[in-house]
Amino acid sequence: MADDWPEQPSEESSEKERVRDLELVATARDRAAFRRLFEYYGPRVKAYLRRLGVGDDVVEDLVQEVFIAVWRFAGLFDRRKATVGTWIFTIARNKRIDSMRRDQEPVKETEEALEFEPDPAPGSDEIAELGRMSDVLREAIETLPEEQKRLIEIFYFEDKTHSAIAEELGLPLGTVKSRLRLALAKLRARLGEDPA
Amino acid sequence: MNGKITHEDLLLGHAAGRLPAPLALLVRTQLALSAEARKRYALYAALAGVLLERLEPARLRADAWERLERAIDRVEPAAPEARHAGDPRVPPPLRRYAPRGFERLPWRKFGPLYEVELPVRGDGFRTRLIRLGPGAGVPRHTHAGHELTLVIEGSFRDAQGVHRRGDLVIADPSVEHAPVAEEECLCLWVADAPLKLTGPLGRLLNPFLRI
(Lines give C-alpha, C1' and ligand atoms only; values in the text may rest on other atoms or scores of the structure.)
Protein backbone atom coordinates (compact mmCIF):
# COMPACT_ATOMS: atom_id res chain seq x y z
CA MET A 1 0.00 0.00 0.00
CA ALA A 2 2.55 2.50 1.13
CA ASP A 3 4.94 1.55 -1.65
CA ASP A 4 2.98 3.19 -4.41
CA TRP A 5 2.57 6.39 -2.37
CA PRO A 6 3.11 9.07 -3.59
CA GLU A 7 4.51 7.99 -6.95
CA GLN A 8 1.59 9.41 -8.81
CA PRO A 9 0.58 12.92 -7.88
CA SER A 10 -3.16 12.93 -7.42
CA GLU A 11 -5.34 14.29 -10.19
CA GLU A 12 -6.44 17.87 -9.90
CA SER A 13 -9.66 17.84 -7.95
CA SER A 14 -12.13 20.66 -7.94
CA GLU A 15 -12.97 22.83 -4.98
CA LYS A 16 -16.43 21.30 -4.96
CA GLU A 17 -15.01 17.81 -4.51
CA ARG A 18 -12.63 18.97 -1.83
CA VAL A 19 -15.43 20.62 0.13
CA ARG A 20 -17.43 17.42 -0.16
CA ASP A 21 -14.45 15.39 1.08
CA LEU A 22 -13.85 17.66 4.04
CA GLU A 23 -17.51 17.54 4.98
CA LEU A 24 -17.41 13.75 4.75
CA VAL A 25 -14.49 13.79 7.15
CA ALA A 26 -16.50 16.01 9.49
CA THR A 27 -19.77 14.10 9.38
CA ALA A 28 -18.72 10.48 8.74
CA ARG A 29 -15.02 10.39 9.76
CA ASP A 30 -14.54 9.12 6.20
CA ARG A 31 -10.95 7.94 5.82
CA ALA A 32 -11.02 7.59 2.03
CA ALA A 33 -12.10 11.22 1.76
CA PHE A 34 -9.43 12.22 4.25
CA ARG A 35 -6.81 10.36 2.26
CA ARG A 36 -7.81 12.17 -0.93
CA LEU A 37 -7.38 15.49 0.85
CA PHE A 38 -4.04 14.41 2.22
CA GLU A 39 -2.81 13.24 -1.17
CA TYR A 40 -3.70 16.56 -2.73
CA TYR A 41 -2.75 18.98 0.04
CA GLY A 42 -0.06 17.04 1.95
CA PRO A 43 2.70 17.55 -0.64
CA ARG A 44 1.66 21.19 -1.06
CA VAL A 45 1.70 21.84 2.68
CA LYS A 46 5.17 20.31 2.77
CA ALA A 47 6.28 22.55 -0.09
CA TYR A 48 4.86 25.57 1.72
CA LEU A 49 6.57 24.74 5.01
CA ARG A 50 9.87 24.19 3.25
CA ARG A 51 9.67 27.54 1.55
CA LEU A 52 9.12 29.06 4.97
CA GLY A 53 12.44 27.53 5.91
CA VAL A 54 11.26 24.58 8.00
CA GLY A 55 14.14 22.08 8.12
CA ASP A 56 14.07 18.59 6.61
CA ASP A 57 14.29 17.05 10.06
CA VAL A 58 10.99 18.49 11.28
CA VAL A 59 8.98 19.25 8.15
CA GLU A 60 7.35 15.80 7.93
CA ASP A 61 6.34 15.97 11.59
CA LEU A 62 4.79 19.37 11.04
CA VAL A 63 2.85 18.08 8.00
CA GLN A 64 1.52 15.31 10.22
CA GLU A 65 0.45 17.81 12.86
CA VAL A 66 -1.33 19.90 10.26
CA PHE A 67 -3.39 16.96 9.03
CA ILE A 68 -4.15 15.66 12.50
CA ALA A 69 -5.65 19.11 13.09
CA VAL A 70 -7.57 18.88 9.80
CA TRP A 71 -9.00 15.55 10.98
CA ARG A 72 -9.89 16.91 14.43
CA PHE A 73 -11.34 20.25 13.39
CA ALA A 74 -13.05 19.31 10.13
CA GLY A 75 -16.38 19.83 11.91
CA LEU A 76 -15.56 23.51 12.36
CA PHE A 77 -14.94 24.11 8.65
CA ASP A 78 -17.64 26.28 7.13
CA ARG A 79 -17.75 26.49 3.36
CA ARG A 80 -19.40 29.90 3.54
CA LYS A 81 -16.41 31.29 5.36
CA ALA A 82 -13.34 29.76 3.74
CA THR A 83 -12.21 27.61 0.85
CA VAL A 84 -10.62 24.28 1.77
CA GLY A 85 -7.25 25.58 0.54
CA THR A 86 -7.43 28.72 2.65
CA TRP A 87 -8.53 26.77 5.70
CA ILE A 88 -5.65 24.30 5.40
CA PHE A 89 -3.20 27.11 4.67
CA THR A 90 -4.33 28.80 7.90
CA ILE A 91 -3.82 25.64 9.94
CA ALA A 92 -0.38 25.09 8.41
CA ARG A 93 0.53 28.70 9.01
CA ASN A 94 -0.47 28.49 12.68
CA LYS A 95 1.29 25.18 13.25
CA ARG A 96 4.41 26.79 11.91
CA ILE A 97 4.00 29.87 14.09
CA ASP A 98 3.41 27.67 17.14
CA SER A 99 6.50 25.63 16.39
CA MET A 100 8.57 28.81 16.41
CA ARG A 101 6.96 30.36 19.45
CA ARG A 102 7.30 27.48 21.86
CA ASP A 103 8.14 30.05 24.52
CA GLN A 104 4.89 31.93 23.96
CA GLU A 105 1.29 30.97 24.16
CA PRO A 106 0.33 29.00 21.08
CA VAL A 107 -2.45 30.08 18.78
CA LYS A 108 -5.42 28.04 19.91
CA GLU A 109 -6.60 25.95 17.01
CA THR A 110 -10.27 26.13 17.81
CA GLU A 111 -10.00 29.89 17.85
CA GLU A 112 -8.36 29.83 14.48
CA ALA A 113 -11.08 27.60 13.16
CA LEU A 114 -13.49 30.20 14.48
CA GLU A 115 -11.54 33.05 12.99
CA PHE A 116 -14.47 34.46 11.09
CA GLU A 117 -17.12 33.73 13.67
CA PRO A 118 -19.14 36.94 13.46
CA ASP A 119 -20.34 38.46 16.69
CA PRO A 120 -23.26 38.30 17.02
CA ALA A 121 -23.60 35.79 14.19
CA PRO A 122 -25.50 37.33 11.27
CA GLY A 123 -25.86 35.64 7.89
CA SER A 124 -22.36 35.64 6.50
CA ASP A 125 -23.20 36.46 2.91
CA GLU A 126 -20.26 38.79 2.88
CA ILE A 127 -17.85 35.90 2.42
CA ALA A 128 -20.28 33.51 0.80
CA GLU A 129 -18.67 34.21 -2.54
CA LEU A 130 -15.23 32.96 -1.54
CA GLY A 131 -15.47 30.13 -4.03
CA ARG A 132 -16.11 32.46 -6.92
CA MET A 133 -13.34 34.70 -5.66
CA SER A 134 -10.86 31.82 -5.70
CA ASP A 135 -11.80 30.89 -9.27
CA VAL A 136 -11.23 34.45 -10.44
CA LEU A 137 -7.95 34.71 -8.51
CA ARG A 138 -6.63 31.45 -9.92
CA GLU A 139 -6.79 32.94 -13.40
CA ALA A 140 -6.02 36.53 -12.51
CA ILE A 141 -2.76 35.69 -10.80
CA GLU A 142 -1.41 34.15 -14.00
CA THR A 143 -1.98 37.41 -15.85
CA LEU A 144 0.29 39.39 -13.52
CA PRO A 145 3.80 40.30 -14.66
CA GLU A 146 6.35 37.71 -13.50
CA GLU A 147 7.92 40.07 -10.98
CA GLN A 148 4.63 40.89 -9.27
CA LYS A 149 3.65 37.24 -9.13
CA ARG A 150 6.98 36.48 -7.55
CA LEU A 151 6.54 39.27 -5.00
CA ILE A 152 3.20 37.91 -3.88
CA GLU A 153 4.62 34.41 -3.56
CA ILE A 154 7.62 35.59 -1.57
CA PHE A 155 5.37 37.62 0.67
CA TYR A 156 3.14 34.66 1.49
CA PHE A 157 5.69 31.90 1.46
CA GLU A 158 8.98 33.21 2.71
CA ASP A 159 9.83 34.47 6.10
CA LYS A 160 11.55 37.59 4.88
CA THR A 161 11.19 41.21 5.89
CA HIS A 162 10.33 43.78 3.26
CA SER A 163 13.97 44.88 3.34
CA ALA A 164 15.25 41.35 2.74
CA ILE A 165 12.80 40.94 -0.14
CA ALA A 166 14.00 44.25 -1.60
CA GLU A 167 17.60 43.09 -1.35
CA GLU A 168 16.88 39.73 -2.97
CA LEU A 169 15.09 41.33 -5.91
CA GLY A 170 17.55 44.22 -6.15
CA LEU A 171 14.78 46.79 -5.76
CA PRO A 172 14.44 49.80 -3.47
CA LEU A 173 12.31 49.12 -0.40
CA GLY A 174 9.63 51.59 -1.44
CA THR A 175 9.34 49.89 -4.84
CA VAL A 176 8.76 46.48 -3.26
CA LYS A 177 5.87 47.89 -1.25
CA SER A 178 4.34 49.84 -4.12
CA ARG A 179 4.57 46.91 -6.58
CA LEU A 180 3.06 44.53 -4.10
CA ARG A 181 0.25 47.01 -3.55
CA LEU A 182 -0.15 47.42 -7.31
CA ALA A 183 -0.36 43.67 -7.86
CA LEU A 184 -3.02 43.30 -5.18
CA ALA A 185 -4.98 46.25 -6.56
CA LYS A 186 -5.03 44.51 -9.95
CA LEU A 187 -6.40 41.36 -8.36
CA ARG A 188 -8.98 43.40 -6.53
CA ALA A 189 -10.01 45.09 -9.76
CA ARG A 190 -10.48 41.70 -11.42
CA LEU A 191 -12.87 40.83 -8.62
CA GLY A 192 -14.82 43.99 -9.30
CA GLU A 193 -13.86 45.54 -5.97
CA ASP A 194 -12.63 49.00 -5.13
CA PRO A 195 -8.86 49.36 -4.97
CA ALA A 196 -7.26 49.69 -1.55
CA MET B 1 8.14 47.13 12.49
CA ASN B 2 9.28 50.13 10.47
CA GLY B 3 7.36 52.91 8.79
CA LYS B 4 3.65 53.53 8.68
CA ILE B 5 1.30 50.62 9.25
CA THR B 6 -1.88 50.71 7.18
CA HIS B 7 -5.04 48.73 7.68
CA GLU B 8 -4.38 46.86 4.41
CA ASP B 9 -0.86 45.96 5.62
CA LEU B 10 -2.42 44.39 8.69
CA LEU B 11 -5.05 42.39 6.81
CA LEU B 12 -2.58 41.16 4.22
CA GLY B 13 0.10 40.48 6.82
CA HIS B 14 -2.32 38.41 8.85
CA ALA B 15 -3.47 36.37 5.84
CA ALA B 16 0.16 35.57 5.08
CA GLY B 17 0.95 34.77 8.73
CA ARG B 18 3.53 37.52 9.02
CA LEU B 19 2.28 39.53 11.99
CA PRO B 20 3.68 39.45 15.52
CA ALA B 21 1.22 37.97 18.04
CA PRO B 22 -0.27 41.26 19.34
CA LEU B 23 -1.10 42.49 15.85
CA ALA B 24 -2.46 39.10 14.82
CA LEU B 25 -4.79 39.14 17.85
CA LEU B 26 -5.88 42.65 16.94
CA VAL B 27 -6.75 41.64 13.36
CA ARG B 28 -8.56 38.46 14.42
CA THR B 29 -10.63 40.46 16.87
CA GLN B 30 -11.49 43.04 14.25
CA LEU B 31 -12.50 40.30 11.81
CA ALA B 32 -14.88 38.99 14.45
CA LEU B 33 -16.44 42.44 14.88
CA SER B 34 -16.48 44.09 11.48
CA ALA B 35 -18.20 42.92 8.31
CA GLU B 36 -16.32 45.56 6.37
CA ALA B 37 -12.95 44.23 7.57
CA ARG B 38 -14.02 40.69 6.65
CA LYS B 39 -14.91 41.89 3.18
CA ARG B 40 -11.48 43.50 2.67
CA TYR B 41 -9.78 40.43 4.15
CA ALA B 42 -11.57 37.90 1.95
CA LEU B 43 -9.28 38.53 -1.04
CA TYR B 44 -6.10 38.04 0.98
CA ALA B 45 -7.46 34.91 2.62
CA ALA B 46 -8.67 33.41 -0.66
CA LEU B 47 -5.30 34.22 -2.21
CA ALA B 48 -3.54 32.13 0.44
CA GLY B 49 -5.54 29.05 -0.58
CA VAL B 50 -4.98 29.65 -4.29
CA LEU B 51 -1.23 30.10 -3.78
CA LEU B 52 -1.05 26.91 -1.72
CA GLU B 53 -2.81 24.99 -4.47
CA ARG B 54 -0.48 26.20 -7.20
CA LEU B 55 2.70 25.27 -5.31
CA GLU B 56 4.88 22.58 -6.84
CA PRO B 57 4.09 19.56 -4.60
CA ALA B 58 6.97 18.23 -2.50
CA ARG B 59 7.28 14.46 -2.19
CA LEU B 60 6.28 13.12 1.21
CA ARG B 61 7.97 10.21 2.91
CA ALA B 62 6.65 6.86 1.71
CA ASP B 63 5.08 6.04 5.06
CA ALA B 64 3.43 9.44 5.53
CA TRP B 65 -0.14 8.23 5.06
CA GLU B 66 0.27 5.13 7.23
CA ARG B 67 1.76 7.22 9.96
CA LEU B 68 -1.08 9.71 9.74
CA GLU B 69 -3.67 6.95 9.84
CA ARG B 70 -2.13 5.56 13.00
CA ALA B 71 -2.10 9.02 14.55
CA ILE B 72 -5.76 9.78 13.87
CA ASP B 73 -6.76 6.51 15.55
CA ARG B 74 -5.64 8.12 18.76
CA VAL B 75 -7.28 11.54 18.55
CA GLU B 76 -10.80 12.63 19.23
CA PRO B 77 -12.56 15.01 16.89
CA ALA B 78 -13.06 18.44 18.40
CA ALA B 79 -16.49 19.04 19.86
CA PRO B 80 -18.54 21.54 17.89
CA GLU B 81 -19.71 23.05 21.21
CA ALA B 82 -16.29 24.74 21.32
CA ARG B 83 -17.96 27.30 19.09
CA HIS B 84 -20.18 28.51 21.85
CA ALA B 85 -17.87 28.36 24.84
CA GLY B 86 -17.20 31.49 26.86
CA ASP B 87 -18.99 34.76 27.43
CA PRO B 88 -20.91 35.54 24.22
CA ARG B 89 -20.34 39.28 24.69
CA VAL B 90 -16.59 38.79 24.38
CA PRO B 91 -15.36 38.46 20.75
CA PRO B 92 -14.15 34.84 20.26
CA PRO B 93 -10.43 35.66 19.82
CA LEU B 94 -10.42 37.36 23.25
CA ARG B 95 -12.37 34.71 25.15
CA ARG B 96 -9.34 32.86 26.42
CA TYR B 97 -8.17 36.10 28.05
CA ALA B 98 -11.57 37.01 29.48
CA PRO B 99 -13.30 33.63 29.93
CA ARG B 100 -15.85 35.00 32.42
CA GLY B 101 -16.43 38.35 30.75
CA PHE B 102 -14.59 41.65 30.69
CA GLU B 103 -16.00 42.75 34.08
CA ARG B 104 -14.14 40.02 35.94
CA LEU B 105 -10.69 41.06 34.71
CA PRO B 106 -8.24 42.60 37.20
CA TRP B 107 -8.62 46.20 36.00
CA ARG B 108 -6.11 48.72 37.25
CA LYS B 109 -6.76 52.43 37.31
CA PHE B 110 -4.18 54.44 35.44
CA GLY B 111 -4.91 58.15 35.21
CA PRO B 112 -8.25 58.62 33.47
CA LEU B 113 -8.45 55.03 32.26
CA TYR B 114 -8.65 51.48 33.47
CA GLU B 115 -6.39 48.93 31.89
CA VAL B 116 -5.38 45.31 32.02
CA GLU B 117 -2.40 43.91 30.19
CA LEU B 118 -2.84 40.69 28.19
CA PRO B 119 0.03 38.17 28.01
CA VAL B 120 0.56 38.75 24.31
CA ARG B 121 3.88 40.25 23.20
CA GLY B 122 6.08 40.26 20.15
CA ASP B 123 8.30 42.53 18.05
CA GLY B 124 8.26 45.14 20.81
CA PHE B 125 4.46 45.30 20.86
CA ARG B 126 2.42 44.91 24.03
CA THR B 127 -1.28 44.34 24.37
CA ARG B 128 -3.81 45.89 26.70
CA LEU B 129 -7.52 46.21 27.15
CA ILE B 130 -8.39 49.75 28.13
CA ARG B 131 -11.63 51.17 29.42
CA LEU B 132 -12.81 54.77 29.59
CA GLY B 133 -15.94 55.92 31.39
CA PRO B 134 -18.43 58.14 29.51
CA GLY B 135 -16.86 61.55 28.87
CA ALA B 136 -13.44 60.45 30.14
CA GLY B 137 -10.50 61.38 27.96
CA VAL B 138 -6.84 60.56 27.48
CA PRO B 139 -4.70 63.74 27.72
CA ARG B 140 -3.48 65.16 24.41
CA HIS B 141 -0.59 63.05 23.19
CA THR B 142 1.47 61.90 20.25
CA HIS B 143 3.34 58.63 19.85
CA ALA B 144 6.93 57.51 19.88
CA GLY B 145 5.97 54.45 17.84
CA HIS B 146 2.83 52.72 16.60
CA GLU B 147 -0.43 52.70 18.51
CA LEU B 148 -3.38 50.64 17.31
CA THR B 149 -6.73 50.94 19.02
CA LEU B 150 -9.69 48.72 18.20
CA VAL B 151 -13.08 49.65 19.64
CA ILE B 152 -14.78 46.62 21.16
CA GLU B 153 -17.66 48.31 22.99
CA GLY B 154 -18.94 51.87 23.07
CA SER B 155 -17.25 54.65 21.12
CA PHE B 156 -14.67 57.40 21.37
CA ARG B 157 -14.05 60.61 19.51
CA ASP B 158 -10.86 62.29 18.37
CA ALA B 159 -9.91 64.77 15.62
CA GLN B 160 -10.56 62.08 12.97
CA GLY B 161 -14.17 61.61 14.09
CA VAL B 162 -16.16 59.07 16.07
CA HIS B 163 -14.90 55.50 16.30
CA ARG B 164 -17.31 52.69 17.05
CA ARG B 165 -17.34 48.95 17.62
CA GLY B 166 -15.08 47.26 15.07
CA ASP B 167 -13.28 50.47 14.04
CA LEU B 168 -9.50 50.42 14.12
CA VAL B 169 -7.55 53.62 14.73
CA ILE B 170 -3.88 53.59 13.76
CA ALA B 171 -1.64 56.30 15.19
CA ASP B 172 2.08 56.97 14.84
CA PRO B 173 4.43 59.91 15.57
CA SER B 174 2.63 62.03 12.96
CA VAL B 175 -0.67 61.82 14.85
CA GLU B 176 -1.47 63.96 17.85
CA HIS B 177 -4.84 63.42 19.48
CA ALA B 178 -6.86 63.58 22.67
CA PRO B 179 -9.44 60.78 22.50
CA VAL B 180 -12.60 61.18 24.56
CA ALA B 181 -15.08 58.39 25.24
CA GLU B 182 -18.58 59.20 24.03
CA GLU B 183 -20.14 56.38 25.99
CA GLU B 184 -18.41 53.83 28.21
CA CYS B 185 -15.71 52.59 25.87
CA LEU B 186 -13.69 49.38 25.85
CA CYS B 187 -10.78 49.00 23.43
CA LEU B 188 -8.05 46.56 22.52
CA TRP B 189 -4.86 48.59 22.49
CA VAL B 190 -1.58 47.47 20.93
CA ALA B 191 1.53 49.66 20.92
CA ASP B 192 5.29 49.42 20.62
CA ALA B 193 6.22 52.64 22.45
CA PRO B 194 4.80 54.80 25.23
CA LEU B 195 2.51 57.74 24.56
CA LYS B 196 4.13 61.16 24.59
CA LEU B 197 1.91 63.65 26.35
CA THR B 198 2.03 67.05 24.67
CA GLY B 199 -0.19 69.27 26.83
CA PRO B 200 1.44 71.57 29.45
CA LEU B 201 0.61 69.30 32.37
CA GLY B 202 1.18 66.17 30.33
CA ARG B 203 4.81 66.98 29.65
CA LEU B 204 5.44 66.85 33.37
CA LEU B 205 3.90 63.38 33.52
CA ASN B 206 5.86 61.88 30.61
CA PRO B 207 8.60 60.39 32.81
CA PHE B 208 5.95 58.29 34.53
CA LEU B 209 4.51 56.71 31.42
CA ARG B 210 5.52 53.36 30.01
CA ILE B 211 4.16 50.97 27.45
Side-chain angles (χ1 to χ4, degrees), chain A residues 2-3 5-6 9 29 31 35 38 42-44 46-48 50 60 63-64 67-68 71-76 82-86 88-90 93 96-97 101 104-105 108 110-111 114-120 126-127 130 133-134 137-138 141 152-153 155-157 184 187-188 191 193 196, chain B residues 2-3 6 8 12 15-18 21 24 28 31-33 35 38-40 42-69 71-72 75-80 82-83 85 88-93 95-96 119-122:
Chain A
D3 294 337
W5 161 260
R29 314 311 291 164
R31 290 196 178 211
R35 182 168 186 172
F38 181 64
R44 288 170 172 81
K46 180 172 178 179
Y48 163 56
R50 293 190 57 154
E60 292 270 344
V63 171
Q64 294 276 325
F67 282 87
I68 291 169
W71 175 260
R72 291 194 60 212
F73 295 108
L76 300 180
T83 62
V84 177
T86 297
I88 292 178
F89 176 94
T90 305
R93 179 192 80 184
R96 159 83 191 337
I97 293 171
R101 286 194 195 139
Q104 288 204 17
E105 284 200 79
K108 210 164 140 199
T110 47
E111 276 179 17
L114 294 168
E115 186 163 324
F116 301 124
E117 193 75 7
D119 176 26
E126 69 245 19
I127 338 187
L130 261 179
M133 196 175 253
S134 299
L137 284 177
R138 217 163 274 136
I141 196 165
I152 291 182
E153 287 171 357
F155 190 80
Y156 273 84
F157 291 140
L184 293 164
L187 296 180
R188 226 178 249 296
L191 290 164
E193 291 185 17
Chain B
N2 301 315
T6 67
E8 294 297 315
L12 175 63
R18 298 175 63 98
R28 284 167 50 220
L31 291 172
L33 294 178
R38 286 196 293 275
K39 191 161 185 292
R40 297 297 297 178
L43 163 68
Y44 304 137
L47 193 53
V50 169
L51 290 169
L52 178 68
E53 284 158 14
R54 51 196 288 293
L55 269 178
E56 184 68 38
R59 177 179 292 238
L60 290 167
R61 275 211 310 250
D63 64 349
W65 168 252
E66 285 187 343
R67 204 179 143 203
L68 183 60
E69 232 190 345
I72 61 177
V75 299
E76 291 295 314
R83 270 178 193 287
R89 285 166 307 166
V90 178
R95 282 186 197 163
R96 60 193 307 208
V120 185
R121 295 185 187 186

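In the text below, chain A, chain B and the rest are named by the order of the sequence lines, each starting its count at 1. Small disclaimer: the values here were computed from a predicted structure and weren't measured.
The shortest distance between side-chain heavy atoms of A:L191 and A:L137 falls below 4.5 Å.
Considering only heavy-atom pairs separated by less than 4.5 Å from chain A, the leading option among B:V75, B:V50, B:L68 is B:L68. The most heavy-atom pairs under 4.5 Å with chain B, out of A:I88, A:L184, A:T83, A:V63, come from A:L184. Of the listed residues (A:E153, A:R29, A:E60, A:K46), the greatest number of heavy-atom pairs within a distance under 4.5 Å of chain B belongs to A:E60. In terms of heavy-atom pairs under 4.5 angstrom with chain A, the leader among B:G49, B:A58, B:A71, B:G17 is B:A58.
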Residues A:T86, B:Y44; criterion side-chain contact (heavy atoms from CB on, under 4.5 Å); working and verdict:
CA-CA 10 Å; A:T86 297; B:Y44 304 137; over 6 Å; no
In sequence, state the C-alpha distance, the side-chain angles, and the governing distance for A:R188 and B:R40, and then conclude on side-chain contact (heavy atoms from CB on, under 4.5 Å).
CA-CA 10 Å; A:R188 226 178 249 296; B:R40 297 297 297 178; 3.3 Å; yes
Go through the steps to decide whether B:W65 and A:F67 satisfy the test side-chain contact (heavy atoms from CB on, under 4.5 Å), and finish with yes or no.
CA-CA 10 Å; B:W65 168 252; A:F67 282 87; over 6 Å; no
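Both the backbone and the side chain of A:R31 come within less than 4.5 Å of a heavy atom of chain B.
Here A:R44 does not pair with B:E53 in a salt bridge; the nearest charged N to carboxylate O distance is not below 4.0 Å.
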